[in-house]
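Here the structure is laid out as structure tokens; the discussion comes afterwards.
Quantities reported herein were computed from a predicted structural model and do not represent experimental measurements. Keep in mind that the numbers below use all heavy atoms, side chains included, and drop hydrogens, waters and symmetry copies. In what follows, every chain begins at residue 1, and chains take the letters A, B, ... in the order their sequences are listed.
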There are 2 protein chains.
Amino acid sequence: MNRLPMCEEECVHESAVAATKCGMLEEGEYLDLADLFKLFGDPTRLMILHALEQQELCVCDLAALLNLTKSAVSHQLKGLRLANLVKFRRDGQNVYYALADGHVRSIIDIGLEHLHE
Amino acid sequence: MNRLPMCEEECVHESAVAATKCGMLEEGEYLDLADLFKLFGDPTRLMILHALEQQELCVCDLAALLNLTKSAVSHQLKGLRLANLVKFRRDGQNVYYALADGHVRSIIDIGLEHLHE
DNA sequence: TTAATAGTTGAGCAATTATTCAACAGTTAG
DNA sequence: CTAACTGTTGAATAATTGCTCAACTATTAA
């Protein structure tokens with residue numbers, strides 16, 4: 001996000017850049033989008049999300065499934081909660097987590113498709 | 001990826017965990033998938049990808065469009081290249097980059113859909 | 001009430017990463 | 001050839017981040 005030296009302005013296809021600039025989103029959109037995709041950029045969170053694709057699970061289940069501490073799982077779930085990727089309900093001592101909507105599955109599926117082609 | 005203390009094994013819904021475990025992928029898949037999504041987890045790379053959704057551009061164009069140095073753009077493009085998200089062709093002094101396939105657009109679109117709902 | 005279990009949270013540490021800088025390679029023009 | 005330009009690369013730095021640890025809250029049972 002720094003200012004450009006003049007020489008970098010000279011070598012550009014100006015009309016192409018101008019046209020592309022019109023189609024760009026506001027900077028905040030890219031920041032929000034990046035924060036969302038960062039959540040998919042960690043194997044632990046991907047495993048949590050993929051597990052929850054299959055069924056609702058409590059924190060302890062996820063910890064046992066993935067060989068992690070409850071604390072580590074809870075920290076990751078917090079990020080997923082704040083991004084509205086998972087929802088939760090308390091039942092007695094347990095807190096059960098589930099996917100909030102179908103976007104998680106869609107994104108993971110496209111990612112796997114890309115890897116396997 | 002540490003070993004669990006015994007107490008964490010006791011509080012688990014064992015059949016749910018066992019069933020979920022069967023549906024999980026191999027660990028390497030989650031690592032690869034995370035590496036892929038990490039590329040979407042940075043605003044600069046997202047802007048590069050979104051610009052290339054609109055048209056093929058050279059490194060200098062991207063640098064001017066995004067107010068970055070050519071070096072910064074080139075570094076980011078390297079990651080995108082290694083993940084087969086972008087392709088490139090040289091024409092004289094310029095190297096033109098374009099999206100490699102439709103997965104980038106699909107993933108970004110779903111991400112935006114999630115943010116805006 | 002006390003004890004036990006499930007879950008959350010904040011601080012701190014180790015590892016990852018985005019950018020800058022400087023040097024280098026490839027192409028074109030004179 | 002040299003000079004100018006586009007683009008790449010490696011090292012270094014600054015910022016981010018995932019996990020652990022310890023302390024805490026909440027619910028249940030005795």
Side-chain angles (χ1 to χ4, degrees), chain A residues 1-13 16-17 30-31 34-35 37-48 56-83 86 88-97, chain B residues 1-13 16-17 30-31 34-35 37-48 56-83 86 88-97:
Chain A
M1 311 298 177
N2 289 335
R3 187 140 280 275
L4 283 171
M6 287 302 285
C7 64
E8 305 236 15
E9 297 278 6
E10 297 169 9
C11 58
V12 161
H13 305 80
V17 171
Y30 295 109
L31 292 172
D35 284 339
F37 286 126
K38 263 177 217 164
L39 293 167
F40 290 85
D42 176 76
T44 298
R45 280 191 298 266
L46 279 177
M47 287 190 282
I48 290 173
E56 178 186 73
L57 292 166
C58 72
V59 177
C60 230
D61 293 337
L62 287 165
L65 177 68
L66 306 177
N67 275 358
L68 293 169
T69 63
K70 286 178 290 186
S71 176
V73 172
S74 185
H75 274 296
Q76 301 296 18
L77 285 169
K78 183 175 187 178
L80 299 175
R81 248 190 289 127
L82 292 176
V86 300
F88 63 99
R89 64 181 181 85
R90 177 176 275 278
D91 181 25
Q93 293 173 318
N94 297 296
V95 177
Y96 292 90
Y97 281 83
Chain B
M1 310 299 174
N2 289 336
R3 185 139 283 273
L4 283 172
M6 287 305 282
C7 63
E8 306 235 15
E9 297 279 4
E10 296 169 9
C11 57
V12 160
H13 306 79
V17 172
Y30 296 108
L31 293 172
D35 284 338
F37 286 125
K38 263 176 217 164
L39 294 168
F40 290 84
D42 175 76
T44 298
R45 280 190 298 265
L46 279 177
M47 288 189 280
I48 290 173
E56 178 185 72
L57 291 167
C58 71
V59 176
C60 230
D61 293 337
L62 287 166
L65 177 68
L66 306 177
N67 275 359
L68 293 168
T69 62
K70 286 178 291 185
S71 175
V73 172
S74 186
H75 274 296
Q76 302 295 18
L77 285 169
K78 183 176 186 178
L80 299 174
R81 247 190 289 129
L82 291 175
V86 300
F88 64 99
R89 65 179 180 86
R90 177 177 275 277
D91 180 26
Q93 292 174 321
N94 297 296
V95 178
Y96 291 90
Y97 281 83

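Contact check, A:Asn94 against D:dT27: no side-chain N or O comes under 4.0 Å of OP1 or OP2. In this structure, A:Arg81 does not reach the C:dG7 phosphate: none of its side-chain N or O atoms is under 4.0 Å from OP1 or OP2. Under 4.0 angstrom from either OP1 or OP2 of D:dT17 there lies at least one side-chain N or O belonging to A:Lys38. Here A:Thr44 reaches the OP1 or OP2 of D:dC19: one of its side-chain N or O atoms lies under 4.0 Å away. Here A:Gln76 does not reach the OP1 or OP2 of D:dT17: none of its side-chain N or O atoms lies under 4.0 Å away.
Checking A:Arg90 against B:Ser74, the closest nucleotide of DNA chain D that is more toward the 5' end is the one next to B:Ser74. Nucleotides of DNA chain C nearest to A:Tyr96 and B:Asp42 differ in position, and the one nearer the 5' end is that of A:Tyr96. Ranked by how close their nearest DNA chain D nucleotide is to the 5' end, A:Asp91 and B:Lys78 are led by B:Lys78.
Between B:Leu57 atom CG and D:dG7 atom C1' the separation is 15 Å, expressed in whole Å. In this structure, the CG atom of B:Asp35 is 18 Å from the P atom of C:dA15, given to the nearest Å. A straight line from CG of B:Asn67 to P of C:dT19 spans 13 Å, rounded to a whole angstrom. One can place NZ of B:Lys70 at 13 Å from C1' of C:dT27, the figure rounded to the nearest angstrom. Atoms CG (A:Leu68) and P (C:dG7) sit 14 Å apart, rounded to a whole Å. Rounded to whole angstrom, the span from the CG atom of A:Leu31 across to the C1' atom of C:dA18 amounts to 14 Å. The distance from atom CG of B:Leu62 to atom P of C:dT19 is 13 Å, rounded to the nearest whole Å.
For the pair B:Leu77/B:Tyr97, a side-chain contact is recorded, criterion being any heavy-atom separation below 4.5 Å from C-beta on. Proximity of B:Leu80 to B:Arg45: side-chain heavy atoms (C-beta onward) are separated by under 4.5 Å at one or more points.
Counting only distance, with no hydrogens or angles, the side chain of B:Asp91 and the backbone of B:Asn94 share no donor-acceptor pair below 3.5 Å.
Contact annotation: side chain of A:Ser71 to base of C:dT8, donor-acceptor pair absent below 3.5 Å. Remark: the B:His75 side chain and the D:dG10 base include a donor-acceptor N/O pair separated by less than 3.5 Å. For A:Thr69 and D:dC19, a side-chain-to-base donor-acceptor distance below 3.5 Å is absent, hydrogens and geometry of angles not being considered. Between the base of C:dT5 and the side chain of A:Gln93 there is a donor-acceptor pair shorter than 3.5 Å.
Using a 4.0 Å heavy-atom cutoff across all strands shown, B:Tyr97 reaches sugar-phosphate atoms only and no base atom.
Note on ring orientation: taking the six-membered ring where Trp is involved, the planes of A:His13 and B:Tyr96 are tilted (angle from 30° to 60°).
A cation-pi arrangement is present between A:Arg81 and A:Phe88, with the terminal nitrogen or guanidinium carbon under 6.0 Å from the aromatic centre and inside a 45° cone about the axis.
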